[in-house]
Structures are given as structure tokens and as C-alpha cells.
Amino acid sequence: MNTKLISVVIPCYNEEINAPLMHQELSLVCEALAHKYDFEFIFVNDGSKDATWLRISECATADPRVHGISFSRNFGHQNALEAGLLAARGAAVISIDADFEQPPALITRLIERWEGGYHVVNTRRVYNDELEWSGFKRITSKAFYSLMNAISDVPVERGGCDFRLLDRAVVDTLTTIKEADRFYRGLVNWVGFKNTVVEYEPAKRRNGVTNYTLAKMVSLAWAGITSFSTVPMKGIILLGAATAAAAGLLLLFMGWVRFFMGSHYFSEMAFLVVSIIAMNGITMIALGVIAMYILRIHKEVQGRPNYIVQKTINL
Ligand code: UDP
Ligand code: MG
């Protein structure tokens with residue numbers, strides 16, 4: 001019997017072929033580590049429409065290390081991760097996709113880093129041109145991470161994904177945060193602790209198709225931006241201020257011209273249009289200000305702790 005338990009969380013949506021293959025592969029990888037660690041494999045069936053849950057149940061019958069959770073419908077990858085993190089009992093928890101895009105063998109490296117004193121071991125895919133990672137996905141991913149890093153309060157690794165190892169301390173912190181629409185790639189950096197990155201070459205998805213449709217990617221990106229950035233609200237205020245200022249100056253100029261050069265220069269209509277634009281600018285400022293107050297409510301509702309204590313002494 002080993003002392004350290006390591007949990008592996010695998011969110012699965014329509015992965016009837018991959019889920020049992022993943023179980024086999026994980027068993028192989030973990031066999032080499034069996035002299036030091038015990039393992040548990042937590043498969044989360046995110047409302048699959050195929051036989052994924054049946055396959056997971058079969059694995060669980062054959063192998064007591066396998067634990068299964070099945071959602072009543074599809075709640076999305078991030079929520080499946082949350083369920084897995086909550087169920088995991090290990091001293092370290094590794095999350096990995098079911099489709100083999102991320103090499104299970106890398107788990108050994110993640111554990112080594114963890115033993116080296118890191119609490120968070122993130123992974124980053126290195127781009128491999130031979131692999132036809134669809135051009136569309138690469139471009140959207142690149143655009144998203146550039147935008148995210150430009151506007152958000154916490155850094156988010158480019159080419160990052162949800163293949164990572166978390167120490168028990170980090171898992172416990174993450175599971176106390178009750179905000180909805182979590183964006184783990186941001187939260188994991190937000191909580192701090194000592195972290196590092198391991199690079200890997202992504203492989204091709206083995207069976208099935210990607211479940212991250214454009215709509216799901218947009219919703220993930222939106223969750224990331226709204227939970228880690230206040231730039232959109234400040235942007236509205238700035239835009240409103242710029243519009244109101246420009247239109248106001250233009251009005252003054254038009255008034256001056258008409259006053260000194262005669263009434264044939266700018267029509268009443270022109271005055272009306274520019275006044276409306278100026279008013280719109282003022283409305284936008286007001287909306288932005290309201291948004292800043294809503295932000296305060298938003299933060300209260302997110303309920304993130306104001307700080308996270310990692311250690312204390314003589315307390
Ligand atoms: N997944 C999930 N729920 C979803 C979509 C995906 O649990 O609604 C799982 C999926 O089974 C896989 C992982 O999340 O294990 C990553 O999804 P996918 O491979 O489809 O995304 P991609 O790698 O193409 O971004
Ligand atoms: Mg994938």
C-alpha cells in the first residue's frame with residue numbers, strides 16, 4: 001500500500017470508444033508508477049448521447065480504481081471538470097481530455113514536477129505544423145488568448161488547455177470558489193501557488209469528433225472574459241466619453257460658424273443629428289458607470305475569497 005493517492009479526472013462527452021481506451025492507457029502509464037503511488041480514475045460522463053456511460057460502468061466493474069459520475073444532460077467541459085475535482089480524493093489531481101490529444105504518458109512528468117515542489121503544473125501545446133490542427137481552431141485560439149491576455153487581470157497561458165496537475169491545496173481552494181461559469185484556465189492562475197508549465201506535442205484526436213463547437217468556444221471565451229476582465233465596461237465609458245466630447249466640440253464649432261458666418265452654413269437637421277450623437281455618448285457613459293456598480297455586485301456574487309493563505313506559523 002502506497003501513501004500517496006493520485007486522482008485522474010477525465011471529462012467525457014460522446015467518447016464511447018475513447019473512454020475505455022483511455023482507461024487502458026492510463027492503467028499502463030500508472031503501472032510504471034505503481035511502486036510509489038495509488039491511483040484513482042474519475043470519469044465524468046457529461047450527458048453523452050452514445051454508450052459512454054455504459055463503457056465507463058464496464059471499466060468500473062472491472063477495475064475498482066475507476067469511479068464514474070454521470071450528468072443528467074450535457075453541462076459542458078468546465079462543469080464536468082468541477083464535478084471531477086470535487087469527487088477526487090488524491091493528494092494531486094490530474095485532469096486530462098479523453099481524446100488522446102494530450103499524451104497520457106506525460107502524467108509521469110507532471111508528477112515529477114509536483115514532487116519537485118510545484119503546486120500547479122500546467123501544460124502548453126507546442127504547435128506542430130504537420131499535425132493538421134484545423135487552421136480555424138488555431139486562429140480562433142490564438143486570437144482568443146491574445147485578447148484575453150491583453151484585457152484580463154490574470155495571465156492565461158497561450159496554447160493552454162485543461163490538461164494539468166493540481167496539488168490538493170489548490171483543489172481545495174478551487175472547490176470553495178462558488179462562482180458560476182468557471183474558466184479554470186484563469187482561475188488556476190488566479191489562486192496563485194507555485195506553478196510551472198510542461199510543454200507537449202499535441203496528437204490527433206483518436207476517435208469521434210471535437211465537441212467544442214463554435215458556440216461552446218464562444219461561450220468559454222465569454223466566461224473567461226467576463227470573469228477576469230473589467231476592460232469591456234471601462235471601454236464603454238471611454239467610448240461614450242469620446243463620442244460625447246467629439247459631438248460636443250462639433251456642436252460648438254457649428255454654432256460658432258452659424259453665429260458668425262450666417263444661417264446657411266449648417267442646417268437645423270445637422271444640429272439635431274449631432275445633438276443626438278452627443279446625447280448617445282452621455283447615455284453610454286451612464287451605462288458604463290452602472291456597469292461598474294454591477295461589477296461590484298458581480299464580485300460579491302462570485303464570492304471569491306479576498307486572499308488565499310498558503311501557510312502560517314505559530315498561529
Ligand atoms: N467534453 C465534455 N463536455 C463537452 C465537450 C467536451 O466533457 O460539452 C470533453 C470531451 O469529451 C474531451 C474534452 O472535454 O474529453 C475536450 O473536448 P474536445 O476534444 O471535444 O475539445 P477540443 O480538444 O477539440 O478543444
Ligand atoms: Mg480534443
Side-chain angles (χ1 to χ4, degrees), residues 7-19 22 41-56 67-88 93-102 122-123 125 133-134 136-137 140-141 143-145 147-148 152 154 156-157 159-166 170-171 173-191 202 205-229 298 301-304:
S7 312
V8 184
V9 172
I10 312 109
C12 302
Y13 178 61
N14 295 346
E15 308 276 13
E16 59 183 354
I17 306 180
N18 284 331
M22 199 64 191
F41 308 126
I42 301 172
F43 286 85
V44 185
N45 172 36
D46 183 12
S48 299
K49 295 186 174 63
D50 61 5
T52 302
W53 179 241
L54 185 67
R55 299 283 104 82
I56 294 173
H67 305 279
I69 298 172
S70 191
F71 284 177
S72 57
R73 64 166 172 84
N74 180 240
F75 280 96
H77 180 217
Q78 301 288 299
N79 292 320
L81 271 180
E82 178 182 349
L85 288 183
L86 273 169
V93 182
I94 295 166
S95 48
I96 185 167
D97 288 355
D99 60 2
F100 293 92
E101 274 179 36
Q102 305 150 347
N122 279 313
T123 64
R125 45 180 178 243
W133 205 49
S134 91
F136 175 71
K137 200 136 197 180
T140 47
S141 154
F144 169 66
Y145 284 108
L147 175 71
M148 193 65 198
S152 97
V154 297
V156 181
E157 192 65 60
C161 59
D162 287 302
F163 177 31
R164 68 171 71 82
L165 179 149
L166 301 172
V170 180
V171 175
T173 310
L174 283 174
T175 48
T176 54
I177 298 176
K178 286 295 168 223
E179 74 191 69
D181 270 340
R182 286 140 191 259
F183 180 65
Y184 276 104
R185 283 161 226 188
L187 276 178
V188 160
N189 292 330
W190 182 84
V191 297
R205 166 180 264 283
R206 277 209 197 157
N207 302 287
V209 290
T210 171
N211 296 305
Y212 260 100
T213 53
L214 182 63
K216 279 184 184 168
M217 287 197 298
V218 169
S219 122
L220 181 71
W222 186 241
I225 290 168
T226 50
S227 52
F228 288 101
S229 174
H298 173 74
V301 177
Q302 274 183 324
R304 285 189 203 161

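Just so you know, residue 1 is the first one in the sequence shown, and it goes up from there.
- Remark: the backbone N or O of Phe163 is paired with a side-chain donor or acceptor of Thr123 at under 3.5 angstrom.
- Of the possible donor and acceptor atoms, none in the side chain of Thr52 sits under 3.5 Å from a partner among the backbone N and O of Asn45.
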Does the pair Val93 and Ile42 meet the rule for a side-chain contact (heavy atoms from CB on, under 4.5 Å), with working shown? CA-CA 10 Å; Val93 182; Ile42 301 172; over 6 Å; no

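- The structure places OG of Ser48 at 11.5 Å from CG of Leu54, a figure rounded to the nearest 0.5 Å.
- Nearest heavy atom pair, residue Val9 against residue Leu85, reads CG2-N, 4.3 Å.
- A cation-pi contact, defined as under 6.0 Å to the ring centre and within 45° of the axis, is absent between Arg73 and Phe71.
- Remark: Arg185 CZ to Tyr145 OH distance equals 4.0 Å, nearest 0.5 Å.
- Between the side chain of Asn74 and the backbone N or O of Asp46, at least one donor-acceptor pair lies under 3.5 Å.
- Gln78 contributes a side-chain N or O that, together with a main-chain N or O of Tyr184, makes up a donor-acceptor pair within less than 3.5 Å.
- In this structure a side-chain-to-backbone donor-acceptor pair under 3.5 Å is missing from Asp97 to Asp99.
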Check against side-chain contact (heavy atoms from CB on, under 4.5 Å), Val170 and Val188: CA-CA 8 Å; Val170 180; Val188 160; 5.6 Å; no

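- Summarising the geometry of Arg206 relative to Asn18, their closest heavy-atom pair is CB-OD1, 3.7 Å, with the distance given to 0.1 Å.
- Using a 4.5 Å heavy-atom threshold, the side chains of Gln102 and Arg125 count as separate.
- Rounding to the nearest 0.5 angstrom, the gap separating the CG atom in Asp50 from the CD1 atom in Ile17 is 8.5 Å.
- Contact record, Phe43 with Cys12: CD2-SG, 3.9 Å, taken as the closest heavy-atom pair.
- The minimum heavy-atom distance linking Val44 with Ala83 is given by the pair CG1-CB, 4.4 Å.
- Here CD1 of Ile10 is found 10.0 Å from CD1 of Ile94. Values are rounded to the nearest 0.5 Å.
- In this structure, CD on Glu15 lies 9.5 Å from CE on Met22, to the nearest 0.5 angstrom.
- Nearest heavy atoms, Gly47 versus Tyr13: O-CE1, 3.5 Å.
- Taking CG from Asp162 and OG from Ser95, the interatomic distance works out to 6.0 Å, rounded to the nearest 0.5 Å.
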